[in-house]
Amino acid sequence: MTVGSARCIEVALPAPLFRTFTYVVPEGIAWPVAPGTRVLVPFRNRPEIGICLGEAEPPVGITLKAVQAVVDSEPSLPAPLLHTARWIADWYAAPIGLTLRAMLPTALASAATPAPAPRTTRVVRIVQELPSLLQREQTFARAKQQRAVYDLLEAQGGTAPLEALRQQAGCSPGVIVAMVKRGLVEVRDEVRPRDPFADRAGVAPPPHPSPAQRDAIDAIIAGAPGDTFLLHGITGSGKTLVYIEVLRAVLRQPGRTAIVLVPEIALTSQTVDRFRGAFGDDVAVLHSGLSDGERLDAWLALRRGERRIAVGARSALFAPLSNVGVVIVDEEHEGSYKQSETPRYHAREAAIVRARAEGALVVLGSATPSLESWERAARGHAVHLTLPERAGGAVLPPVQVVDLREAVRDALAQRAPGAPWDPVTGILTRPLVSALAERLDRGEQSLLQLNRRGYAAYVQCHACGHVETCPNCSISLTYHRIPEGLVCHYCQHQADMPSHCTACSTTTIRPRGLGTQQVERVVAERFPSARIARMDVDTTTGKWAHTQILDRVGRGEVDILLGTQMIAKGLDFPNVTLVGVIDADTGLNLPDFRAAERTFQLLSQVAGRAGRGPKGGEVLVQTRSPDHYAVRHALAHDVDGFVREELSMRRLPAYPPFVSLANVVVSGADQKGTAQACIAVATWVEALVRAKSLRGVVLVGPAPCPIDRIKERWRWHFLIKTSQPSLLSRLARYVAERATVPHGVRLVVDRDPVALL
Ligand code: ADP
Ligand code: ZN
């Protein structure tokens with residue numbers, strides 16, 4: 001509003017504050033300043049980039065500071081994105097300035113100088129793959145140090161910086177030189193990791209949709225602006241082709257654009273290749289491997305309309321496209337759509353908000369829809385579409401249960417008198433061994449899944465029972481074999497494997513519980529000529545390691561792909577005819593209301609990787625809880641049955657989707673102080689709820705978090721539950737903004753949490 005000569009605007013600044021600021025726009029700067037425009041303003045004695053939210057009333061009696069410059073010629077954040085930002089700030093109790101900053105590429109969001117020029121690094125890269133244990137033993141029979149270097153390199157995805165590798169291996173440069181001479185590795189100067197999507201070939205989609213796919217496509221494109229569809233298609237039903245045909249229809253309308261969200265680009269390169277195969281250069285792939293400069297280029301290309309489709313993880317939701325016609329959320333049930341730091345938004349929910357503001361269609365796709373989406377459809381807020389059969393004539397694979405308890409009992413009973421107990425029995429049961437052997441004979445591929453990385457889950461003293469735990473977190477340390485040591489999976493604390501128990505000093509300390517490294521070793525010993533690849537956090541630290549491993553599987557260079565939940569997502573390899581789940585129960589007993597849902601989804605998804613081609617396939621699931629409903633329904637491919645049972649569990653005590661939930665986490669270095677601070681905040685909220693007679697608000701706790709210490713901070717929490725989502729917005733915001741905690745204590749409000757650990 002212009003009062004007299006005062007031209008004022010409201011500006012959001014990237015600070016953890018729940019307020020905005022008013023600046024005056026001096027003569028010489030064009031008026032009005034459009035909302036969504038970046039402005040340079042003095043803030044805390046420094047120039048800072050802020051976002052104009054609109055005109056403001058000049059406050060009375062205060063001298064305002066002046067805008068120094070308007071940075072954009074047109075708004076960086078168009079109206080629908082501003083609307084989405086306001087919704088996120090409101091719903092998730094996030095400061096608006098931080099929310100807006102999260103929407104912009106780093107290069108545009110700060111007044112600091114742009115990213116430094118690229119440097120070159122010497123890197124070592126494996127050029128001769130030695131996938132089988134046999135090959136490796138022959139190659140390195142008289143070269144122990146070379147073997148260590150090779151294993152380390154492989155554990156980092158096949159490439160690593162030279163100097164870091166040499167230090168890790170503790171070897172002289174000569175060892176690596178010798179390996180170069182033998183043609184095992186090469187050493188090169190690399191400017192920075194190459195973007196594999198820049199020169200990857202796209203994959204052409206199937207030419208003709210099936211009748212079921214056609215029906216889904218027609219239903220979606222006939223939708224009205226803002227309509228939401230839940231595309232519930234079983235694994236292998238061809239959801240990607242539905243997305244592609246919907247995109248085609250939308251992009252035929254002049255000026256329209258599209259956003260496609262996938263859980264993680266690196267793990268879904270096959271899906272991305274199909275979009276590129278269908279739309280070529282119209283696709284901008286926004287992935288985490290982009291440098292700040294590349295990200296800015298992609299962002300500008302989208303904003304200028306040079307590319308009309310943004311494909312990416314969570315934050316691609318903020319692509320600066322105008323006139324978006326459809327937003328697709330693939331694998332909408334994935335927990336990775338929730339951001340774990342401020343602003344703690346869920347990309348699926350924010351996508352729906354943006355789509356409504358754009359007048360766009362929304363397609364939520366999954367073989368195992370989230371209960372939230374299921375409820376959304378049941379209440380009529382989304383149209384439930386189904387693809388009940390696999391595309392191209394494939395069928396869902398039969399699933400066989402192997403009860404680990406029986407397998408171990410049988411093996412014990414059949415053991416020859418005096419023979420040593422073979423611990424392998426509990427890792428690879430007989431049915432799994434023979435199923436793997438069959439695949440190797442026939443030249444088919446297998447996937448083995450275990451959702452725990454490292455070699456052993458923990459190390460324990462057999463004499464006193466002491467378990468080695470992280471000094472910073474309430475978590476046992478995981479035993480890793482390459483490089484050898486103990487690692488905390490929460491704070492990355494590393495320790496040497498002790499030779500004596502740190503509690504009782506005996507030498508009976510041993511690794512216990514299974515991890516992927518151990519499975520890899522056992523499989524390699526049992527099948528020495530098999531070509532094995534392992535995919536987990538430890539083998540994929542290299543930027544393109546995921547894609548490289550998956551490409552090798554696609555080219556048929558891997559017989560057995562072993563991995564964590566990473567191998568459950570979207571992979572489509574027709575020659576994979578066997579999926580083995582080593583232990584279905586790893587996540588079942590976590591103290592989290594989503595434990596069963598997550599187990600069901602993981603089992604269904606990984607099972608869905610088998611039998612996608614004409615050769616068919618089968619799934620073997622090893623478990624100690626074959627009767628648990630999450631396991632039972634996953635084995636029967638029965639989503640409806642699972643949802644019915646899980647929903648009935650969520651009614652009492654009430655959990656989402658029946659109530660809205662906020663997890664208030666208080667953390668601090670001092671155990672007692674943290675507990676007291678959390679109790680004080682909870683008491684204060686309770687008093688508020690009583691004083692304002694807020695009906696239907698329930699507090700659960702306060703109590704220590706299930707993992708009550710992470711990174712040297714003690715953690716307490718309480719839950720706020722209510723069936724009125726808008727009331728929770730107000731309460732969450734009130735708590736985030738007004739709760740007082742002592743210095744050094746942190747309070748985080750996590751609205752709609754995906755995990756309560
Ligand atoms: P989903 O994502 O539903 O699990 P995908 O989209 O990966 O399934 O498709 C599974 C496989 O079926 C892919 O290899 C795909 O090329 C193939 N496919 C999809 N639709 C058709 C079709 N109409 N005709 C033939 N093959 C198809
Ligand atoms: Zn730790």
Side-chain angles (χ1 to χ4, degrees), residues 201-220 229-249 260-265 267-279 283 311 328-334 337 363-370 373 384-397 399 444-445 447 449 550-551 553-556 565-577 579 600-617 619 634 637 639:
V203 173
H208 304 295
S210 67
Q213 287 169 321
R214 188 76 257 165
D215 288 347
I217 296 160
D218 291 343
I220 296 168
F229 296 86
L230 171 59
L231 178 62
H232 171 205
I234 63 168
T235 54
S237 59
K239 293 184 284 295
T240 318
L241 187 59
V242 173
Y243 305 148
I244 286 173
E245 292 300 321
V246 168
L247 288 177
R248 270 196 225 286
V260 179
L261 301 184
V262 294
E264 248 174 289
I265 288 281
L267 298 176
T268 52
S269 46
Q270 283 188 302
T271 309
V272 176
D273 289 345
R274 290 197 194 135
F275 285 110
R276 288 172 31 83
F279 302 104
V283 177
V311 178
I328 286 162
V329 185
D330 189 23
E331 311 286 0
E332 63 84 27
H333 63 278
E334 275 286 327
Y337 281 125
V363 182
L364 310 175
S366 177
T368 52
S370 62
S373 294
H384 196 146
L385 303 172
T386 49
L387 297 176
E389 274 161 27
R390 281 194 156 179
V395 291
L396 279 177
V399 184
E444 296 168 4
Q445 293 168 299
L447 298 190
Q449 198 253 1
L550 295 180
D551 287 350
V553 178
R555 289 195 300 266
Q565 39 85 24
M566 280 187 184
I567 64 168
K569 285 171 219 207
L571 304 188
D572 183 41
F573 296 117
N575 197 37
V576 169
T577 59
V579 165
F600 172 79
Q601 287 165 345
L602 183 58
L603 286 178
S604 307
Q605 293 287 346
V606 72
R609 302 309 117 208
R612 292 179 150 243
K615 294 177 194 158
V619 181
H637 303 295
V639 180

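Atoms within a ligand are numbered from 1 in the order they appear, just like the ligands themselves.
- Under a 4.0 angstrom heavy-atom cut-off, Ile234 registers as being in contact with ligand 1.
- In terms of protein heavy-atom proximity, atom 10 (C) of ligand 1 is nearest to Arg612 NH1, 3.6 Å.
- The nearest pair of heavy atoms linking Glu331 to Tyr337 is O-CE1, 3.3 Å.
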message: Using side-chain contact (heavy atoms from CB on, under 4.5 Å), reason through Ser373 and His333 one step at a time and then give a plain yes or no.
response: CA-CA 8 Å; Ser373 294; His333 63 278; over 6 Å; no
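- Ring orientation note: the planes of Phe275 and Tyr243 are close to parallel, at an angle under 30° on the 30°/60° scale.
- Shortest contact from atom 7 (O) of ligand 1 to any protein heavy atom: Arg274 NH1, 3.1 Å.
- In terms of protein heavy atoms, atom 6 (O) of ligand 1 is closest to Thr240 OG1, 2.7 Å.
- Across all their heavy atoms, Ala634 and Leu603 have their closest contact at CB-CB, 3.7 Å.
- Across Arg274, Arg609, Lys239, a single residue satisfies salt bridge (charged side-chain N to carboxylate O under 4.0 Å, His left out) together with Asp572, and that is Arg274.
- Pro209 and Arg214 make their closest contact through CG-NH1, 3.9 Å (heavy atoms, listed as atom of the first residue, atom of the second, distance).
- Residue contact check: Leu241 has heavy atoms under 4.0 Å from atoms 20 (N), 23 (N) of ligand 1.
- In terms of protein heavy atoms, atom 12 (O) of ligand 1 is closest to Ala391 CB, 3.8 Å.
- A pairwise comparison of heavy atoms in Arg248 and Pro205 identifies NH2-CG, 4.1 Å as the closest pair.
- Checking each of Leu396, Val399, Leu447, Val606 against Val619 for a side chain to side chain contact (heavy atoms under 4.5 Å, CB included) leaves exactly one that passes, namely Val399.
- Summary of contacts: the protein heavy atom closest to atom 20 (N) of ligand 1 is Gln213 NE2, 2.9 Å.
- Looking from atom 9 (O) of ligand 1 to the surrounding protein, the closest heavy atom is Gly238 CA, 3.5 Å.
- In terms of protein heavy atoms, atom 16 (O) of ligand 1 is closest to Pro206 CG, 3.5 Å.
- For ligand 1, none of its N or O atoms has an N or O atom of Arg609 under 3.5 Å away.
- The salt bridge (Lys or Arg N to Asp or Glu O under 4.0 Å) search around Glu389 returns none, not counting sequence neighbours.
- Atoms of ligand 1 found under 4.0 Å from any heavy atom of Ser210, numbered from 1 in the order shown, are 23 (N).
- In this structure, the protein non-hydrogen atom closest to atom 11 (C) of ligand 1 is Asp572 OD2, 3.7 Å.
- Using a 4.0 Å cutoff on heavy atoms, Pro209 counts as a contact of ligand 1.
- Atoms of ligand 1 found under 4.0 Å from any heavy atom of Thr235, numbered from 1 in the order shown, are 4 (O).
- Here the closest heavy-atom approach between residue Ser269 and residue Leu550 is recorded as OG-CD1, 4.1 Å.
- For ligand 1, one of its N or O atoms has an N or O atom of Gly236 under 3.5 Å away.
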